[in-house]
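Because the structure is a prediction, the values reported are computed rather than measured. So that the names make sense, note that chain A is the first sequence line, chain B the second, and so on, each numbered from 1.
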2 protein chains.
Amino acid sequence: MRPRHPKSKVRILEKAIPLFARAGFSGVSMRDIAKKVGVSAAALYYHFPDKRALYLQAMTQSFADKARALLDVLTTTGTSEERLSGFINRFCKVMQQDPDFLAFLQREMLDGDEIRMQMIAEQVFQEPFRAIEELSKELAPDFDPHMLAISMAGLVIFHLERKTLHLYLPGGRPEHNDPEVIAQHVTKLLLRGLKERDG
Amino acid sequence: MRPRHPKSKVRILEKAIPLFARAGFSGVSMRDIAKKVGVSAAALYYHFPDKRALYLQAMTQSFADKARALLDVLTTTGTSEERLSGFINRFCKVMQQDPDFLAFLQREMLDGDEIRMQMIAEQVFQEPFRAIEELSKELAPDFDPHMLAISMAGLVIFHLERKTLHLYLPGGRPEHNDPEVIAQHVTKLLLRGLKERDG
DNA sequence: GTCTATAGCCGGATAGAC
DNA sequence: GTCTATCCGGCTATAGAC
């Protein structure tokens, strides 16, 4: 249960996250954030030393607990195929339910400096990435596990990030945005690609 | 052969492209561009009505001729497999040789308004996309051709856009940035994934 | 076609009252 | 903790000389 009047700092971050995720660091002003929160711009400086610190904390907040959500489903029991399918499903769902997280991730891959990238890698992706590499080794030992893990992430992420372009490309249909449809497509593509031979 | 002193407008666009591609519309000022070109900011307004127009023309310029480069290799003769492999190779090479194009594309997928997205779709991606859908139908009639085309693009693009993150993820090696290595990986993954059964 | 100068606005950030 | 008022620099864009 969330309190009706959360601490100011939390309220500021809650409002700042979607703004920064959608317009980026230089696309949002402190006044924009203050207006959304319903306070003066000066009030923000009581809680954060400067704009960069506010951005960094907003991003960190948006990334929190994402690693755990992805790891959980990777460490359950079952065949390799079941774990892959479970992971792809969870990944699609997490990304679709939190568009701010996806936008932040895309933004950081474009603009992120070394320090922020290192933080993201260590705090969010390193553990799940390792688990996916292990799964890759089980499923397809003749593939480079690092590249295969990148491929899995890329397949899911690109299906979700191409949303706006999708409207104007031929053959686009509404169900192509359904995370379950995407997960099913990606899993089918991967599994057939991972088994060297199958009936 | 490029003339030693190209028209000012062309010179401005040449300098503006990498700046906008790397920092985005709001991350670059008219003064930044003017400084790179070696003129005053006021001079830019002789050639472009405002900053938005300059950005749009820079983006359009960066996207020009990309459709043709991708289409050429799709319409050559050969088996479906050869055309797929040729396309993936070309796609990787084009994207890697022109990082500004890749950055612009990522940026527009994040920030692009409907008008710009429609322009990109119609002028750059519609024709090659249709050709890839046709190829998908030949190779794997039981897949949704639209989704498969998205998957192909996503695989290539994500391997190239994750460059900065890659340093901090386990198992990353220098050759993972080689476009030929990426193309080979993606082709292998796709072809095994596309054939329903193989020996 | 390019310059200098400048208008007018908006940005981040601070001072000091309450 | 939040306010109003403000500093000051950078921003887009224009005016007018050359």
Side-chain angles (χ1 to χ4, degrees), chain A residues 2-62 104 107-108 110-113 115-116, chain B residues 2-62 104 107-108 110-113 115-116:
Chain A
R2 203 175 292 190
R4 271 192 306 278
H5 296 297
K7 284 199 318 203
S8 302
K9 192 165 176 173
V10 175
R11 267 190 308 131
I12 293 168
L13 287 175
E14 274 175 2
K15 298 295 186 183
I17 284 172
L19 290 175
F20 277 135
R22 272 148 224 190
F25 181 80
S26 54
V28 180
S29 71
M30 294 298 268
R31 286 162 159 91
D32 290 337
I33 297 164
K35 188 184 275 182
K36 273 275 174 199
V37 180
V39 296
S40 71
L44 304 180
Y45 288 90
Y46 176 81
H47 299 279
F48 305 91
D50 57 21
K51 188 185 173 186
R52 295 199 73 82
L54 207 175
Y55 178 85
L56 197 67
Q57 288 193 42
M59 191 195 78
T60 309
Q61 181 68 31
S62 174
F104 259 124
R107 226 164 257 297
E108 289 302 316
L110 256 171
D111 301 330
D113 55 45
I115 292 147
R116 292 213 300 272
Chain B
R2 203 175 291 190
R4 271 193 306 278
H5 297 298
K7 286 199 316 206
S8 302
K9 193 165 176 173
V10 175
R11 266 190 307 129
I12 293 168
L13 288 174
E14 275 174 1
K15 299 295 187 182
I17 284 172
L19 290 176
F20 277 136
R22 273 150 223 194
F25 181 82
S26 54
V28 180
S29 71
M30 293 298 266
R31 286 149 147 95
D32 291 337
I33 298 164
K35 188 184 273 182
K36 273 276 175 200
V37 179
V39 297
S40 72
L44 304 179
Y45 288 90
Y46 176 82
H47 300 278
F48 305 91
D50 58 21
K51 187 186 172 184
R52 293 199 75 81
L54 207 174
Y55 179 84
L56 199 67
Q57 289 193 42
M59 192 197 77
T60 309
Q61 180 68 31
S62 174
F104 259 125
R107 227 164 257 297
E108 288 301 315
L110 257 171
D111 301 330
D113 55 44
I115 292 147
R116 292 213 302 272

What is the per-nucleotide protein-contact pattern of nucleotides 2-9 of chain D, from the 5' end, where B denotes a base atom under 4.0 Å from a protein heavy atom, S denotes such proximity for sugar-phosphate atoms only, and - denotes neither? BBB-----

Working to the nearest 0.5 Å, report the span between [atom1] of [X] and [atom2] of [Y].
{"X": "B/I17", "Y": "B/R22", "atom1": "CD1", "atom2": "CZ", "answer": "10.5 Å"}
{"X": "B/E108", "Y": "B/D113", "atom1": "CD", "atom2": "CG", "answer": "7.5 Å"}
{"X": "B/F20", "Y": "B/L54", "atom1": "CZ", "atom2": "CG", "answer": "5.5 Å"}
{"X": "A/S40", "Y": "A/Y46", "atom1": "OG", "atom2": "OH", "answer": "13.5 Å"}

Rounded to whole angstrom units, what separation is found between the CD1 atom of A/I33 and the P atom of C/dG11? 11 Å

Grab the CE-P distance between A/M30 and C/dG12 for me, whole Å please. 7 Å

Heavy atoms from other residues, nucleotides or ligands near NZ of A/K15 exceed 12 (cutoff 6.0 Å):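 Open.
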
What are the residues of residues 50-57 of chain A, sorted by number, that bring a heavy atom to within less than 4.0 Å of DNA chain C? A/D50, A/K51

How far apart are the closest heavy atoms of A/R31 and A/A41, and which atoms are they? CG-CB, 4.2 Å

Tell me whether the rings of A/F104 and A/Y55 are parallel (<30°), tilted (30 to 60°) or perpendicular (>60°). perpendicular

Does A/V28 reach a base, just sugar-phosphate, or nothing at all? Heavy atoms under 4.0 Å.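 Sugar-phosphate: the residue A/V28, judged by heavy atoms under 4.0 Å, touches backbone atoms but no base.
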
What I want to find out is whether B/K35 reaches B/D32 closely enough, with some N-O distance under 4.0 Å, to be called a salt bridge. no

